[in-house]
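Owing to the predicted nature of the structure, the values given are computational and were not obtained by experimental measurement. Per chain, numbering begins at 1; letters A, B, ... match sequence-line order.
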Protein chains: 2
Amino acid sequence: MKATIYHVARRARVSTATVSRFLNGTGPVAAETRHRIEQAIQVLGYRPNTVARSLVTKATHTLALLMPDITNPFFPDLVKGVQLLADERGYTVLLCSVAGDPAREEEYLEMLSAKQVDGALLVGLVCGRETIARFARHGIPIVSLDRNIDYPPAPLVHVNHRKGARIATEHLLQLGHRLVAHVSGPIGLRVSHERLAGYREALSRAGVAYDRRLVVSGDFTEEAGYEGIEALLHTATPFTAIFAANDLAAIGATAALTDSGRRVPEDVSVVGFDDIRLAAYTSPALTTIRQPTYEMGRRATELLIDAVHGRMLGPGQQVVFEGELIVRASSMPIAAAQQAKTV
Amino acid sequence: MKATIYHVARRARVSTATVSRFLNGTGPVAAETRHRIEQAIQVLGYRPNTVARSLVTKATHTLALLMPDITNPFFPDLVKGVQLLADERGYTVLLCSVAGDPAREEEYLEMLSAKQVDGALLVGLVCGRETIARFARHGIPIVSLDRNIDYPPAPLVHVNHRKGARIATEHLLQLGHRLVAHVSGPIGLRVSHERLAGYREALSRAGVAYDRRLVVSGDFTEEAGYEGIEALLHTATPFTAIFAANDLAAIGATAALTDSGRRVPEDVSVVGFDDIRLAAYTSPALTTIRQPTYEMGRRATELLIDAVHGRMLGPGQQVVFEGELIVRASSMPIAAAQQAKTV
DNA sequence: GGCGGCCCTGAAAGCGGTTACATGTAAGCG
DNA sequence: CGCTTACATGTAACCGCTTTCAGGGCCGCC
């Protein structure tokens, strides 16, 4: 039989109200009473039942984290950031992998309001805005990562994808590459769109014509990167560099290049995006745009908890992080010889 | 103002008991009444409050997942398996990264019993057995992954680490290697111990003497793998192959080899353990032992949910998976030339 | 026609806490 | 000395739901 506050009260010869006051530090409790209560708790091995508490306080100290796919190496770091900050603040996190499926997203959103979570961190959701609006109507604060939520306006944390992509592409251009291919993310996703836009921006600033044949669409997986580049090689469209929309795709692309006998970076330079943990250890080590993933997770969670406590910045608040170019071994200046044969 | 069951009852002109019966399918409800209730729910946008429900039913439909570090690429797949199965069964999962810190593990365990989770999945815990025993006393079912919990006996899911390690090492031996180094996991962890044991077993079966200078200890990270092998190279102890206790370490080791001018696998063969997602895409693609991570997550969760429902197999039940050798490009027969120079 | 059942429903007692309000006591003060 | 005041505690309502128990109709059946 688990001890309840009632048992503690009885044993300490006080009322449950006093025990509760003692537990929460609300209201005064005499030193001697305090001592008796401590004793009782100790002896009984009492732990307050948070469910009962939540029922009356209407706070569960639980945050929900909705994300597409934890299997993508980009996310674990984010999760860690969220987790750690939540922990510091006495919150606990409910993990929901929604697999990029709008129906599941909606289902989960429904469930969350029933579960009375205190707040929700929505990362890269793909569902319609009405779905989110409906959810928000329950009054649960939300913070969004990489997905703009206009109505109701929710705090947004993201990196400047466009600029990052531009920097990545400019890096390649500065190395002398003119035929830069791009493996994009899933079409329709804002992130993919932004990164593609950054790529085009860099091209156009450098006066290089945009060639849509050089853009293959992927879905942020290694498989797609591999297949995309394999297919591109089959078309015999020449290129000397690749900017992949994320590291996974870059790694897949590199594998496709290697399997077809090309060398990276001697024949083709490759740059990715994200700077996942293993990017430094692939061979060649991957040049990429670092996203401060862990930090973003922390910051987003901080904003969320603030929102839970009713402390919000102005509406439409945003925290934007900048991507940082990390030059490693997968990119190098275009070789003169290479210019001639262009792969 | 959020609608409660009381509001629904009022609007449908029935009692809360009837609404509850309708909601849970417990007890009969007349067709017409049913219809009125549906209407009311619809109009009010009512969602039952699971917190209140849990208070009385004593079931939260929440499972806790305690793991060392989600950042290790081995885990996300596991999490996914857990997540998906939990989802199918109507459970939700609370994520706790304990960072391999016994104190945090204990803290979390405490919190979980207060949070009234229905069950807990403990993966690779390092805390003392008394801690776990104390937790178990709260009556919360647990299932353990990769850590034997003897008292109270909890179902255990794991792979046969020893055998996997033996197979990995045997693979190297069969390729003609005799000087096989090993990057171990953190000493003291059962998993590390088992994998080391498997390595030694293979050596001894093949009549190869065990040389402790060939064993460097790591902690399952790339950094440690890198540094371990770098250090080993400095000692000038010759070796022609490496069996790393996990893929991360293998990748780090490969990087160290490459950075020092060695080629993998021409100069040194490398095999890992885990078969993380990216193992197939490193270059060279990594030979490794595949753990059916996703499946293990599912199976463990299944056992846990069964336990929650009081359906347990016999005491001391175990599910053991077998590791499978996946031969890729990072291992090859020892070259004649190499035998002479032995790195 | 009376009666045992079967359906369907409602009243009310909790689940384990929190908290507004009331109460009792002793100190402070003119 | 009587009155306020602050402190320490108790009483009881309530959070939103489930569930036991006890009917009230209505049927069939003897």
Side-chain angles (χ1 to χ4, degrees), chain A residues 1-38 40-41 44-62 111-118 138-140, chain B residues 1-38 40-41 44-62 111-118 138-140:
Chain A
M1 185 52 206
K2 263 199 93 154
T4 74
I5 199 174
Y6 179 73
H7 299 126
V8 174
R10 253 253 279 257
R11 192 162 225 285
R13 300 193 308 282
V14 293
S15 72
T16 62
T18 304
V19 177
S20 176
R21 274 189 289 259
F22 167 81
L23 254 22
N24 305 300
T26 146
V29 177
E32 202 228 344
T33 313
R34 181 182 300 271
H35 186 247
R36 287 210 313 277
I37 295 177
E38 271 163 354
I41 288 177
L44 267 35
Y46 169 75
R47 297 275 121 198
N49 180 329
T50 58
V51 172
R53 176 177 291 172
S54 293
L55 182 56
V56 19
T57 61
K58 270 131 183 42
T60 52
H61 280 251
T62 300
M111 145 171 302
L112 291 183
S113 71
K115 280 247 173 191
Q116 311 286 113
V117 299
D118 289 348
H138 291 289
I140 298 177
Chain B
M1 185 53 206
K2 262 199 96 161
T4 75
I5 199 175
Y6 179 73
H7 299 126
V8 174
R10 252 253 278 258
R11 192 164 228 286
R13 301 192 308 280
V14 294
S15 72
T16 62
T18 303
V19 178
S20 176
R21 274 190 288 259
F22 167 81
L23 253 22
N24 305 300
T26 146
V29 177
E32 203 228 344
T33 313
R34 179 180 301 271
H35 185 248
R36 287 208 314 276
I37 296 177
E38 270 163 353
I41 288 178
L44 267 36
Y46 169 74
R47 296 275 121 199
N49 180 329
T50 58
V51 171
R53 177 176 293 173
S54 293
L55 182 56
V56 19
T57 60
K58 270 131 183 42
T60 52
H61 280 251
T62 301
M111 145 170 301
L112 292 184
S113 71
K115 279 248 174 190
Q116 313 284 118
V117 298
D118 289 349
H138 290 290
I140 298 177

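Note that CG of A:L44 is 12.0 Å distant from CD1 of A:I5, once rounded to the nearest 0.5 Å. Atom CD of B:Q116 and atom CG of B:D118 lie 9.0 Å apart (nearest 0.5 Å). Summarising the geometry, atom OG1 belonging to A:T33 is positioned 11.0 Å from atom CD belonging to A:E38; distances are rounded to the nearest 0.5 Å.
Atoms OH (A:Y6) and P (C:dG14) sit 12 Å apart, rounded to a whole Å. Residue B:L44 contributes atom CG, which lies 11 Å from atom P of D:dC17 at whole-angstrom precision. One can place CD1 of A:I5 at 12 Å from P of D:dG10, the figure rounded to the nearest angstrom. Going from atom CD of A:Q116 over to atom C1' of D:dG16 covers 9 Å, rounded to whole Å. Atom C1' of nucleotide C:dG17 and atom NE2 of A:H7 are separated by 13 Å, given to the nearest angstrom. If you take CG of A:N24 and C1' of C:dG16, they are 13 Å apart, rounded to a whole angstrom. D:dG16 atom C1' lies 15 Å from atom CZ of B:R10, rounded to whole Å.
Of the possible donor and acceptor atoms, one in the side chain of B:T50 sits under 3.5 Å from a partner among the backbone N and O of A:A114. A:T26 contributes no side-chain N or O that, together with a main-chain N or O of A:R21, makes up a donor-acceptor pair within less than 3.5 Å.
In this structure the side chain of A:V8 reaches within 4.5 angstrom of the side chain of A:I37, judged on heavy atoms. With a 4.5 Å cut-off on side-chain heavy atoms, A:P48 and A:R53 count as touching.
A donor and an acceptor atom, one from each side chain of B:T62 and A:K115, are located under 3.5 Å apart.
Pairing each heavy atom of B:S113 with each of A:R47, the nearest pair is OG-CG, 4.3 Å. The minimum heavy-atom distance between B:S54 and B:A59, with the atom names listed, is OG-O, 3.0 Å.
Across its full length, the helix from C:dG1-D:dC30 to C:dG30-D:dC1 shows an angle of 50° between the axes of its 5 terminal pairs at either end, rounded to 10 degrees.
Near DNA chain C, defined here as any heavy-atom distance below 4.0 Å, the residues from residues 50-62 of chain B are B:L55, B:V56, B:K58, listed numerically.
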Between the protein and nucleotides 24-27 of chain D, which nitrogen or oxygen pairs are less than 3.5 angstrom apart?
none

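When the side-chain nitrogen and oxygen atoms of B:S20 are compared with OP1 and OP2 of D:dT18, one or more of them lie within a distance under 4.0 Å. For the pair A:N49 and C:dC15, the criterion of a side-chain N or O lying under 4.0 Å from OP1 or OP2 is not met.
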Quiz item: Can A:V14 and A:V19 be said to form a side chain to side chain contact (heavy atoms under 4.5 Å, CB included), step by step?
Solution: CA-CA 7 Å; A:V14 293; A:V19 177; 3.7 Å; yes

Practice problem: Could you check B:I41 against B:F22 for side chain to side chain contact (heavy atoms under 4.5 Å, CB included), going step by step and ending with a plain yes or no? | Solution: CA-CA 11 Å; B:I41 288 178; B:F22 167 81; 3.8 Å; yes

Practice problem: Summarise protein proximity over nucleotides 7-12 of chain C in one line of letters, 5' to 3': B for base, S for sugar-phosphate only, - for none, counting protein heavy atoms closer than 4.0 Å. | Solution: -BBBB-

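In this structure A:S20 satisfies the side chain to side chain donor-acceptor pair (under 3.5 Å) test together with A:N24, sequence neighbours excluded.
Within the structure, the salt bridge (charged side-chain N to carboxylate O under 4.0 Å, His left out) test picks out the following pairs touching residues 23-33 of chain A (sequence neighbours left out): A:E32-A:R36.
Counting non-hydrogen atoms under 4.0 angstrom, B:Y46 reaches the backbone sugars and phosphates but no base.
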